[in-house]
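Below is one structure; the comments refer to it alone.
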Amino acid sequence: MTENNRRLTFSQRNGLAPIPQPLKLEEIPDNFRTQLYNLIHQFIENEIPSEGGIRRIDRGIYKNTIRSVHDNIFNNPIDEIDDDKYLFSFYKDMLNHAGYNMIFDIIEHIMRVHPRSDFNFFEKFHEMFSKHGLAYTIVDEEWPTIVPAATPEEGETIGQAFEAAKEDKYTAVREHLRKSAEHINANQPADAVRESIHAVESVLRIVTGKKSDFNDALQKLGRYSRIHPALNEAFKKLYAYTSDEQGIRHALVDQSQSPAAMEEAVFMLGACAAFVSYVIRKC
């Protein structure tokens with residue numbers, strides 16, 4: 001039984017109930033909101049179910065996390081965190097009605113500030129995204145980031161790129177991929193495409209030591225790493241696309257808006273992430 005089939009109910013597997021359809025970008029189902037609230041509720045109560053039973057959250061660490069969310073995400077008075085009943089009501093209302101961007105802001109912030117030694121929110125949220133079929137995944141456990149991924153395979157590819165580029169020398173590569181995802185989440189496709197191709201430029205220059213022309217660096221890589229000529233040409237054409245499209249690598253000239261759309265931005269993030277992984281492992 002595949003992983004996707006395991007997540008289906010008896011009725012869904014046997015054609016007695018509709019199979020959940022893939023979600024779109026910016027779409028968050030109600031059952032995800034409910035499970036997220038339940039997790040926040042348990043967190044406020046300092047008791048989260050785990051494989052071994054109930055995991056107690058350190059009260060002092062919990063308060064620091066909630067205080068940070070209240071201060072940095074909501075800009076709310078931090079003395080409100082002393083009233084659990086208020087927090088339950090506040091988060092229930094907010095998580096039921098907030099836009100996807102606010103919800104993702106909260107999730108990212110919690111993952112980044114709460115110590116994993118106390119509770120690993122990275123694993124928990126990653127599991128929730130997969131379970132509910134969100135068109136996003138979470139990558140880079142060191143600095144958790146929500147990235148668009150229309151399919152599980154796409155999410156795995158992007159995650160592999162962050163894992164392959166985890167050495168300090170690839171910091172710029174990870175940052176470009178992270179910024180690309182952030183631009184997609186902010187509905188800025190041209191900026192996302194530009195950051196994706198910058199990730200490829202960065203990795204090429206790092207592994208070849210060549211800091212000038214993209215095509216020269218790619219050619220040098222092909223000479224000593226035996227990259228298939230067709231693959232080499234494919235990335236030259238992708239790079240040419242970003243150079244030709246107005247508003248991506250160059251300023252707009254005769255159009256008020258870049259022709260790059262979200263579909264191109266998501267594709268380029270996945271394609272460039274795959275190439276980043278390929279180059280690092282090849283070299």
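The structure presented is a predicted model; accordingly, all values stated were derived computationally and were not measured.
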- Task: Not counting sequence neighbours, which residues clear side chain to side chain donor-acceptor pair (under 3.5 Å) with Arg178? List them please.
- Result: Asp140, Thr145, Glu175

- Query: Can you tell which of His41, Gln42, Arg56 makes a side-chain contact (heavy atoms from CB on, under 4.5 Å) with Glu47?
  - Reply: Arg56

- List for me each residue that meets side chain to side chain donor-acceptor pair (under 3.5 Å) alongside Glu163, sequence neighbours excluded, and say none if there are none. Lys166

- Item | Joint cluster assignment, Ile66 & Ile61, ILVMFWY side-chain distance < 4.5 Å | no

- Query: Is there a path of hydrophobic side-chain contacts, each under 4.5 Å between heavy atoms of I, L, V, M, F, W or Y residues, that connects Met128 with Tyr91?
  - Reply: yes

- Below 4.5 Å, heavy atoms only, C-beta onward: do Glu154 and Thr137 meet side chain to side chain? no

- What's the shortest heavy-atom distance between Ala165 and Arg174, and which atoms? O-NH1, 2.5 Å

- Side chains of Glu141 and Asn120: does their closest heavy-atom pair fall under 4.5 Å? yes

- Message: Quick check for you: to the nearest 0.5 Å, what is the distance between Phe88 atom CZ and Lys85 atom NZ?
- Response: 10.0 Å

- Does His183 have any ring-ring contact (aromatic ring centres under 6.0 Å, His included) partners at least two apart in sequence or in another chain, and if so, which? none

- Mind running side-chain contact (heavy atoms from CB on, under 4.5 Å) on Ile110 and Ile40 for me, showing each step along the way? CA-CA 10 Å; Ile110 290 175; Ile40 296 293; 3.8 Å; yes

- Residues two or more places apart in sequence or in another chain: which of them pass side chain to side chain contact (heavy atoms under 4.5 Å, CB included) with Lys169? Glu167, Ile206

- Query: Got a sec, which residues hit ring-ring contact (aromatic ring centres under 6.0 Å, His included) with Phe121, two or more places apart in sequence or on another chain?
  - Reply: Phe43, His114, Phe119, Phe125

- Those residues at least two apart in sequence (or on a different chain) that pass salt bridge (charged side-chain N to carboxylate O under 4.0 Å, His left out) with Lys92 are none

- Message: I'd like to know if the side chain of Thr171 reaches the main chain of Asp168, judged simply by a donor and an acceptor atom lying under 3.5 Å from each other, with no hydrogens or angles considered.
- Response: yes

- Query: Is there a side-chain contact between Pro189 and Ile184 (heavy atoms, below 4.5 Å)?
  - Reply: no

- Query: Residues in side chain to side chain contact (heavy atoms under 4.5 Å, CB included) with Glu156, at least two apart?
  - Reply: Gln160

- Not counting sequence neighbours, which residues clear ring-ring contact (aromatic ring centres under 6.0 Å, His included) with Tyr136? List them please. Phe104

- Message: To the closest 0.5 Å, what do you measure between CD1 (Ile158) and CD1 (Ile138)?
- Response: 13.0 Å

- Query: Using a distance-only test with no angle check, is there a side-chain donor-acceptor pair under 3.5 angstrom linking Glu195 and His198?
  - Reply: no

- Query: Hey, quick one: are Trp143 and Val139 part of the same hydrophobic cluster, counting side-chain heavy atoms closer than 4.5 Å, chains of contacts allowed?
  - Reply: no

- Item | Arg67 side chain vs Ile78 backbone, donor-acceptor pair below 3.5 Å | no

- Query: Heavy-atom distance under 4.5 Å between the side chains of Ile57 and Thr65, does that happen here?
  - Reply: no

- Message: Apply side-chain contact (heavy atoms from CB on, under 4.5 Å) to residues Ile81 and Val69 and explain how you reach the verdict.
- Response: CA-CA 10 Å; Ile81 70 170; Val69 172; over 6 Å; no

- Spacing of Asn31 atom CG and Leu36 atom CG [to the nearest 0.5 Å]: 11.5 Å

- Message: How long is the straight-line distance from NZ of Lys179 back to CD of Gln188, given to the nearest 0.5 Å?
- Response: 12.5 Å

- Task: Apply side chain to side chain contact (heavy atoms under 4.5 Å, CB included) to Ala199 and list each qualifying residue two or more places apart in sequence or on a separate chain.
- Result: Val173, His176, Leu177, Val276

- Task: Could you walk me through whether Asp118 and Lys63 pass the salt bridge (Lys or Arg N to Asp or Glu O under 4.0 Å) test, one step at a time?
- Result: CA-CA 13 Å; Asp118 187 63; Lys63 283 221 168 188; over 6 Å; no

- Is a side-chain N or O of Arg116 found less than 3.5 angstrom from the main chain of Phe122, in a donor-acceptor match? no

- Message: Between Asn38 and Thr34, does the side-chain contact (heavy atoms from CB on, under 4.5 Å) criterion hold? Intermediate values first, please.
- Response: CA-CA 6 Å; Asn38 290 344; Thr34 299; 3.9 Å; yes

- Task: Treat each ILVMFWY residue as a node, draw an edge where side-chain heavy atoms are under 4.5 Å apart, and state whether Val113 and Leu39 are in one component.
- Result: no

- For Phe32, all residues meeting ring-ring contact (aromatic ring centres under 6.0 Å, His included), sequence neighbours excluded: Phe129, His132

- Minimal non-hydrogen separation, Ala265 against Ala192, with atom names: CB-CB, 3.9 Å

- Message: Measuring from atom CD1 of Ile107 to atom CD1 of Ile73, what distance do you get when rounded to the nearest 0.5 angstrom?
- Response: 11.0 Å

- Task: Starting at NZ of Lys124, measure out to CD of Gln35 and round the result to the nearest 0.5 Å.
- Result: 6.5 Å

- Item | By side chain to side chain donor-acceptor pair (under 3.5 Å) - contacts of Asp71 (at least two apart) | none

- Query: Do Asn76 and Phe90 have side-chain heavy atoms sitting under 4.5 Å apart?
  - Reply: yes

- Message: Side chains of Ser68 and His109, heavy atoms from C-beta outward: is any pair under 4.5 Å?
- Response: yes

- Message: Does Ile280 form a side-chain contact (heavy atoms from CB on, under 4.5 Å) with Val203? I'd like the steps, not just the answer.
- Response: CA-CA 8 Å; Ile280 293 174; Val203 77; 3.6 Å; yes

- Is there a side-chain contact between Thr157 and Ser277, using heavy atoms and a 4.5 Å cut-off? no

- Item | Glu80: side chain to side chain donor-acceptor pair (under 3.5 Å) partners, not counting sequence neighbours | His70, Tyr86

- Do the non-hydrogen side-chain atoms of Met94 and Ile106 ever get within less than 4.5 Å of each other? yes

- Does Asp93 offer a backbone N or O that forms a donor-acceptor pair with the side chain of His97 under 3.5 Å? yes

